[in-house]
Structure formats: C-alpha cells, structure tokens
Amino acid sequence: CCHEEIATESRLVFALKTLCGFSTSEIAARLMTSEANVQKRLQRARARLRDLPSAFEAQSIESLRDRLPSVQGVIYVLFNEGYLSVTAEHAIRAELCAEAIRLATVLVAHPVGAVPSTFALLALMHLHSARLGARQDATGGLLLLEEQDRASWDPQQLQLGATWLAQAAQEETVTRFHAEAGIAAEHCFAPSFAETNWAAIASLYATLERIDPSPLHTVSRAVAVAQLEGPAVGLAMLETVVPPAWLERHFVWDAVQADLALRAGKVELGQRHRERALASAPSDAIRAALERRLIGSAEH
C-alpha cells in the first residue's frame, strides 16, 4: 500500500482503507479532508498498482526504506483514531491502539524499521497508552488531563515509553515523533498537572512547528504558552494564525480560542467560539468534555 510509485498523498488513504478497514468517511474525518478527495486518492492508488505488475514481488532494502515514512504515518493515524476517535460511538478504541503498537513493534524488528524515528513513534504510543485507562470515567465519558488519576497510569507502559525514547535519542536525528514523544513524556512524568514543565512543552511544540509546519502545532504551542505566561499571551499568538479552511472547521481551533478567551475575560469572543466548538465536535463524548472544560474556563 505504501509502494514508492504510488503518490505520497494516496498511500495513507489506500492503506487506511485496504488494510485498516476504515470507511471513506472515517478517513476523511481523520485527515480533515473531503470524502470526494479520499475517493480520488483511492482511485489513483488502485490505478497505479494495476500498472505495476511487479508491485507484489520481493523488493530491495532500498526500495523498502523509501516506504518507511509512509508506513510510519499509517501506524500513527491508526493509533490516533484509537486514542481519540473522531467518528465512533466510543471515544476510545483501545484495540486500535494495541494493534498500532503491535505493528510498530514488528516494524522496529525489521532492519529497515530499526531507526530512531520508529523508536520515537513507539515511545509516543506507549506513553499515550499508559493513560488510556484513566481517560474515561465510569460512564465512558472523557476525562481531561487535569482530571485524571495519575496513580492509575500504567507503569509498565510508562517504562516502555521511556526506554524507547532513550533509544530514539541515541542519534542526532530529530523527527516529529521525537518532538511528540518528548511532549508526551513531559506530561506523563510531571508530578502533577500544576507542576508540568510548560516551558519545555512550548519549546518542543516550537521544534515540531519547524520540523512539520502545521497551524495545529501553533495552536498547541499557544496552549502551553498560556499555561506559562497567561491566557492573554496564548490568545495573542493565535491572532497571528491565518487558519486554512480545514482548520476553521475543526473543533480544536474554536475550543482553544474559547478556552483562552474566556480565561482572559473576553467573554463575548469566548462564547462565540464556544458555540462553534460544541457545534463542530465530532462525537457526543468530545462535546461533553468540551462543554465541561469551557464552563470551567468561564468560571476561571
């Protein structure tokens, strides 16, 4: 599915559809694009494979190496859909997270996959998996990071995450997975939410912006900066962002703006973004968590 002759943008949707069993609508929601665009990418991938009679023959190590970033990308998206589903009735799909970790473990045992970026990807997934059991209440509702019982985080998963992150850091290579795993580690090993090293997290998000530019990373950095320097400073950062159309439709954009605006005392602006965030939330579980968080922002 990640053959180098298939266009890069088509490999991911082709693998998610063919191997992971995602529906077209699930892929579109996860990749923040239209179903029509997903269909076009699928058609292009299938057409290209039909023109490659040797596609299923044994490939050289160098050929496989060219596919590695795309394979990592598939595993990463598979895990993310399990960690916080944008389409399913259940907000967390632990079986997808477990399958993503299994696939990455297989990948890292291969000579092509045994590289720092895969080590970092495994670290990231283990660190996130450590918190899975604490991310829902007794009714299945999502719990925010500051609401979670840190004593219930899985110590074995935390240790695996730390071990893989240390291995990923043995070379000078820095990838998006390194930055994201570093952010996850700061959250996981902080004594409490209040004692989190927000300066380190903001710095890691700045690194992530350089490595893999995305306005979503800027939004996340603004959240960290707001924890460090106050909501008005974080909100001012967002004012410099010109959101593309896909981000304007994404619930995170409005949710963060609502949170920071309400905490900064800009009630009218905050309420406007709050209404948009709740309207665009992809599931009832996410909507309920947002509503609870934004009520807290207003009271704060």
Side-chain angles (χ1 to χ4, degrees), residues 9 12 25-38 76-77 80-81 83-88 91-92 128 135 142-146 176 179-180 183-184 187 198 201-202 204-298 300:
E9 65 271 14
L12 181 56
S25 60
E26 285 177 318
I27 297 171
R30 174 52 61 184
L31 300 185
M32 292 175 284
T33 187
S34 67
E35 290 189 45
N37 194 19
V38 169
Y76 176 78
V77 172
N80 284 344
E81 175 59 19
Y83 186 75
L84 183 62
S85 176
V86 296
T87 57
I92 295 174
H128 280 329
R135 292 185 63 235
L142 286 172
L143 291 174
L144 305 169
L145 179 60
E146 56 266 41
R176 66 169 298 178
E180 291 193 39
I183 292 164
H187 284 302
W198 293 106
I201 290 175
L204 285 164
Y205 272 120
T207 299
L208 189 55
E209 285 178 280
R210 290 194 298 272
I211 295 171
D212 182 35
S214 168
L216 266 180
H217 298 154
T218 307
V219 170
S220 297
R221 182 163 64 92
V223 172
V225 169
Q227 292 291 338
L228 191 65
E229 302 181 42
V233 179
L235 194 60
M237 281 182 57
L238 294 183
E239 290 173 356
T240 67
V241 177
V242 179
W246 61 264
L247 181 57
E248 280 193 306
R249 297 190 300 268
H250 199 283
F251 74 96
V252 168
W253 171 251
D254 285 300
V256 170
Q257 297 230 69
D259 177 45
L260 298 184
L262 290 170
R263 286 165 54 197
K266 298 186 177 183
V267 178
E268 185 178 343
L269 176 65
Q271 292 291 4
R272 186 163 67 248
H273 281 292
R274 176 184 178 275
E275 290 173 7
R276 289 180 53 178
L278 294 177
S280 60
S283 70
D284 291 341
I286 292 175
R287 185 176 298 106
L290 281 178
E291 194 159 21
R292 191 171 69 256
R293 178 68 179 87
L294 296 176
I295 288 174
S297 299
H300 182 86

What is the minimum heavy-atom distance between A277 and A255, and which atoms define it? CB-N, 3.6 Å

Do Y205 and V223 have side chains that approach each other closer than 4.5 Å (heavy atoms only, starting at C-beta)? no

Indicate yes or no: does R293 engage E146 in a salt bridge with an N to O separation below 4.0 Å. yes

Can you find a pair of side-chain heavy atoms, one from H187 and one from I201, that are under 4.5 Å apart? yes

CZ/R276 to CD/E248 distance, rounded to the nearest 0.5 angstrom? 6.5 Å

Write down the atom of W253, the atom of L247, and the distance for their closest heavy-atom approach. CB-O, 3.3 Å

When you compare the side chain of P244 with that of P215, does any pair of heavy atoms fall below 4.5 Å? yes

Answer yes or no: is there a side-chain heavy-atom contact under 4.5 Å between R287 and F251? no

Measuring from atom CG of L235 to atom CG of L262, what distance do you get when rounded to the nearest 0.5 angstrom? 10.0 Å

Spell out, as yes or no, whether a donor-acceptor pair under 3.5 Å connects the side chain of S220 to the backbone of L216. yes

Looking at every non-hydrogen atom in both residues, tell me the closest pair between A226 and G234 and how far apart they are. CB-CA, 4.2 Å

All side chain to side chain donor-acceptor pair (under 3.5 Å) counterparts of E180, not counting sequence neighbours: Y76, R176

Ignoring hydrogens, what is the shortest heavy-atom contact between D254 and H273? Give both atom names and the distance. OD1-ND1, 2.7 Å

Distance-only polar pair, side chains of T207 and R210, donor-acceptor under 3.5 Å: yes

Heavy-atom closest pair (A258 atom, L294 atom, distance to 0.1 Å) is CB-CD2, 3.9 Å

Working to the nearest 0.5 Å, report the span between CZ of R30 and CG of L84. 6.5 Å

Once rounded to the nearest 0.5 Å, what's the spacing between atom NE2 of H128 and atom CD1 of I183? 8.5 Å

Looking at H217 and D212, would you say the former's side chain and the latter's main chain have a donor-acceptor pair under 3.5 Å? yes

Using side chain to side chain contact (heavy atoms under 4.5 Å, CB included) as the criterion, point out the one residue from L142, L145, L144 that pairs with R135. L142

Side-chain heavy atoms of V77 within contact of L12, under 4.5 Å: yes

Distance check, rounded to the nearest 0.5 Å: L269 atom CG versus Q257 atom CD? 6.5 Å

Straight-line distance of H250 NE2 to W246 CH2, nearest 0.5 Å: 7.0 Å

